[in-house]
Enquirer: 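The structure is given below, and queries will be raised subsequently.
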Amino acid sequence: MTSQVTNLRAMPVSQYRPSRRGEANRLRKGQSKTHRNYQPAFTGSTPRGMAAKVVARLNSHDWNRNPELAALRRRGYTPWSRLFDNAFKPQPMRISTRQESREALTALSLTLAANCDYNPDSDYMFEVMLPVEELARRMGVLHQYENGRLAYDVLLHALRVQEELDYLVIHRARDTDSGQFKPMRIFLTEKFFTSRGITVDEIRQWLHKFRQWAIAQGLAESLSLRNERHMLKMARMGIDIERHHSLKNRLRQIKRWVVSPELREEKRRVTEDLGAQIDTLDKKIRSAGKADGNDRYWKAWVRWSTSPEAPLHRVRELERSVEHDHPGLKLRDKEKYYRLLLEKAGAH
């Protein structure tokens, strides 16, 4: 017994790390606790037209009465950082949502709706035309540290919640400027509208009025150029979704949902009529002896540039590249100019 007591006394006392619990309270002694640094609120301007109508509907939405959000909270929330963790198990949450979360979801929805592309002629519908940093700034939750690093955790959490609700389709990639892996392209889905009481017929009616207004005001071409500049910007940043087939199928599904069957039938009929007229004109040119072999590369370029495999931003990028490398070549030798275009496109 004496030897055991001696051995226990001889054992070194383990060194525990001192607890830091309450350290922040000690440092803040005599000062009030900061509940949160930023209160989410939509601070941007709302464009006229369809965006104003969607924003007006979103303003009156009550998240506590959203059945899809209630089902998500019963099931449990999965953050993006733990999405591929097999050991992670979502924990059920209480049904009612805190005021801070409701404010963040509302501010995010209003910001997305106000800066969305509602042009029905776009390849993919309802794309948000702002980067996440600008979205956070217009939500009022952008924080900048002393070293210049930007943080917008409130925005990222709200985006993830709406992504789990299938209100958004988010394409994440690595930003070449900051090196961060973050959301680069955001698209609104059909549930983003139907969950707020907006029907399909209303969306189609608003889009039709938006198109008629753009044509009447002469803005149809400027909207197309805006979408083209956005695609060129994504291409310069290396953001490409051509190999993401499931993502493209989902975006096509959204466009099929919003484009009415009557409009699709009218577009098909107009395309067939234009094709018939082009064939008739081509026959007339051939019969007049004007269609010789001197325009072979031009015809090949027209066929490739108007095919579904050639995006508009890719065509414009190739034309700018050839014109930059060979100034004035299009006026001097058109066939050589179009041959170089085909070679750069890999279609020669």
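Since we're looking at a predicted model, the values are computed, not measured.
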Enquirer: Take atom NE2 in His143; do more than 12 heavy atoms of anything else shown fall under 6.0 Å from it?
Expert: yes
Enquirer: Determine the minimum heavy-atom distance between Ala41 and Ala107, stating which atoms define it.
Expert: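 Of all heavy-atom pairs spanning Ala41 and Ala107, the closest is N-CB, 3.8 Å.
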Enquirer: Should we count NZ of Lys334 as having more than 12 external heavy atoms under 6.0 Å?
Expert: no
Enquirer: So, Glu202 side chain and Thr199 main chain: donor-acceptor pair closer than 3.5 Å or not?
Expert: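 Yes.
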Enquirer: Could you grab the distance from atom CZ of Arg102 to atom CH2 of Trp63, nearest 0.5 Å is fine?
Expert: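 CH2 of Trp63 is found 11.5 Å from CZ of Arg102.
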Enquirer: Considering non-hydrogen atoms only, spot the tightest contact between Ala114 and Ser45 and give its length.
Expert: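 That would be CB-O, 4.2 Å.
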Enquirer: Given the rule that I, L, V, M, F, W and Y join up when any side-chain heavy atoms are under 4.5 Å apart, are Leu150 and Met139 in one cluster?
Expert: yes
Enquirer: What distance separates Glu163 CD from Thr189 OG1, expressed to the nearest 0.5 Å?
Expert: 10.5 Å
Enquirer: Under 30°, 30 to 60°, or over 60°: which ring-plane class applies to Tyr118 and Phe126, parallel, tilted or perpendicular?
Expert: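 Perpendicular.
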Enquirer: Is there a donor-acceptor pair under 3.5 Å between the side chain of Thr106 and the backbone N or O of Glu103?
Expert: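 Looks like no, no N/O pair under 3.5 Å.
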Enquirer: Hey, does the side chain of Ser101 reach the backbone of Thr97 with a donor-acceptor pair shorter than 3.5 angstrom?
Expert: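 Judged by distance alone, no pair lies under 3.5 Å.
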Enquirer: Quick one: do Leu159 and Leu135 satisfy side chain to side chain contact (heavy atoms under 4.5 Å, CB included)? Show the steps, please.
Expert: CA-CA 11 Å; Leu159 280 175; Leu135 289 176; 5.6 Å; no
Enquirer: Output the distance between atom CE (Met129) and atom CD1 (Ile186), rounded to the nearest 0.5 Å.
Expert: 12.0 Å
Enquirer: Is the shortest side-chain N to carboxylate O distance from Asp166 to Arg250 below 4.0 Å?
Expert: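 Salt bridge flag = yes for Arg250 with Asp166.
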Enquirer: Taking atom types as modelled, is there a side-chain donor on Ser122 or Asp117 under 3.5 Å from an acceptor on the other?
Expert: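 A donor-acceptor contact under 3.5 Å links the two side chains.
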Enquirer: Do the side chain of Lys209 and the main chain of Arg204 share a donor and acceptor less than 3.5 angstrom apart?
Expert: no
Enquirer: Can you tell me if CZ on Arg65 sees more than 12 non-hydrogen neighbours from other groups inside 6.0 Å?
Expert: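 Result for CZ/Arg65: open.
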Enquirer: Are any side-chain N or O atoms of Asn249 and backbone N or O atoms of His245, one a donor and one an acceptor, separated by less than 3.5 Å?
Expert: yes
Enquirer: Decide, yes or no, whether a salt bridge links Glu133 with Arg137 under the criterion of side-chain N to carboxylate O below 4.0 Å.
Expert: no
Enquirer: Looking at side-chain heavy atoms only, is the closest gap between Pro120 and Val258 below 4.5 Å?
Expert: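 Side-chain contact under 4.5 Å: no.
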Enquirer: Would you say Trp257 and Val200 make side-chain contact, with heavy atoms under 4.5 Å?
Expert: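 The answer is yes; the side chains approach within 4.5 Å.
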Enquirer: Does the distance from a Lys or Arg side-chain N to an Asp or Glu carboxylate O, for Asp333 and Lys336, drop under 4.0 Å?
Expert: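 Result for this pair is no, no salt bridge flagged.
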Enquirer: If you count every heavy atom of other residues, nucleotides or ligands that lies below 6.0 Å from Arg98 atom CZ, does the total exceed 12?
Expert: no
Enquirer: A side-chain contact here means heavy atoms from C-beta on lying under 4.5 Å apart; do Val54 and Trp206 qualify?
Expert: yes
Enquirer: Does the structure place the NZ or CZ of Arg196 under 6.0 Å from the centre of the six-membered ring of Phe192, at an angle of no more than 45° from the ring's axis?
Expert: yes
Enquirer: Please round to the nearest 0.5 Å and tell me the distance separating atom CD of Gln99 and atom CG of Asn64.
Expert: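 Going from CD on Gln99 over to CG on Asn64, the span is 10.5 Å.
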Enquirer: Whether the side chain of Glu127 engages the backbone of Arg185 through a donor-acceptor N/O pair (distance < 3.5 Å, no angle test) should be reported.
Expert: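 Not confirmed, Glu127 side chain does not pair with Arg185 backbone.
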Enquirer: Decide side chain to side chain contact (heavy atoms under 4.5 Å, CB included) for Arg73 and Arg75; before the verdict, give the C-alpha distance in whole Å, the side-chain angles of both, and the deciding distance to 0.1 Å.
Expert: CA-CA 5 Å; Arg73 295 179 68 85; Arg75 184 174 67 250; over 6 Å; no
Enquirer: Decide if atom CG of Asn86 counts as having more than 12 heavy atoms of other residues, nucleotides or ligands within a radius under 6.0 Å.
Expert: no
Enquirer: Determine the minimum heavy-atom distance between Val154 and Pro40, stating which atoms define it.
Expert: CG1-CG, 4.0 Å
Enquirer: Following the transitive rule for hydrophobic clusters with a side-chain heavy-atom cut-off under 4.5 Å over Ile, Leu, Val, Met, Phe, Trp and Tyr, establish whether Leu105 and Ile95 coincide in one cluster.
Expert: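 Different clusters.
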Enquirer: Would you indicate whether the side-chain heavy atoms of Glu343 and Tyr338 approach each other to under 4.5 Å?
Expert: no
Enquirer: Could you check whether atom NZ of Lys248 has more than 12 heavy atoms from other residues, nucleotides or ligands sitting under 6.0 Å from it?
Expert: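 Check passes, neighbour count above 12.
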Enquirer: Once rounded to the nearest 0.5 Å, what's the spacing between atom CG of Leu207 and atom CG of Asn119?
Expert: 9.0 Å
Enquirer: Answer yes or no: is there a side-chain heavy-atom contact under 4.5 Å between Arg149 and Gln144?
Expert: no
Enquirer: Taking it one step at a time, do Arg174 and Gln180 satisfy side chain to side chain contact (heavy atoms under 4.5 Å, CB included)?
Expert: CA-CA 5 Å; Arg174 188 168 299 280; Gln180 296 178 340; 6.0 Å; no
Enquirer: Give the minimum heavy-atom separation between Lys182 and Asp175, together with the two atoms involved.
Expert: NZ-OD2, 2.9 Å
Enquirer: Give, for atom CZ of Arg256 and atom CD of Glu190, the distance between the pair rounded to the nearest 0.5 Å.
Expert: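 Result: 10.5 Å between the selected atoms.
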Enquirer: Report yes or no: do Gln91 and Tyr77 form a side-chain donor-acceptor pair below 3.5 Å?
Expert: no
Enquirer: With the side chain counted from C-beta on, respond yes when Glu68 and Leu72 share a heavy-atom pair under 4.5 Å apart, and no when they do not.
Expert: no
Enquirer: Is Arg339 salt-bridged to Glu335, cutoff N-O under 4.0 Å?
Expert: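 Salt bridge absent between Arg339 and Glu335.
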Enquirer: In terms of hydrophobic clusters joined by side-chain contacts under 4.5 Å, are Val161 and Phe88 together?
Expert: no
Enquirer: Would you mind reporting whether Leu155 and Val132 have side-chain heavy atoms less than 4.5 Å apart?
Expert: yes
Enquirer: Show your reasoning for whether side chain to side chain contact (heavy atoms under 4.5 Å, CB included) applies to Asp325 and Leu340.
Expert: CA-CA 10 Å; Asp325 297 339; Leu340 293 176; over 6 Å; no
Enquirer: Taking all non-hydrogen atoms of both residues into account, name the closest pair between Leu342 and Ala300 and its distance.
Expert: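 Heavy atoms only, the tightest pair is CD1-CB, 3.7 Å.
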Enquirer: For the pair Thr43 (side chain) and Arg138 (backbone), establish whether a donor and an acceptor sit closer than 3.5 Å, ignoring hydrogens and angles.
Expert: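 A pair under 3.5 Å: yes.
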Enquirer: With a 4.5 Å limit on heavy-atom distance, are the side chains of Trp80 and Phe181 in contact?
Expert: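 Yes, close enough: below the 4.5 Å cut-off.
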Enquirer: Which heavy-atom pair separates Ala113 from Val55 by the least distance, and what is that distance?
Expert: CB-CG2, 4.0 Å
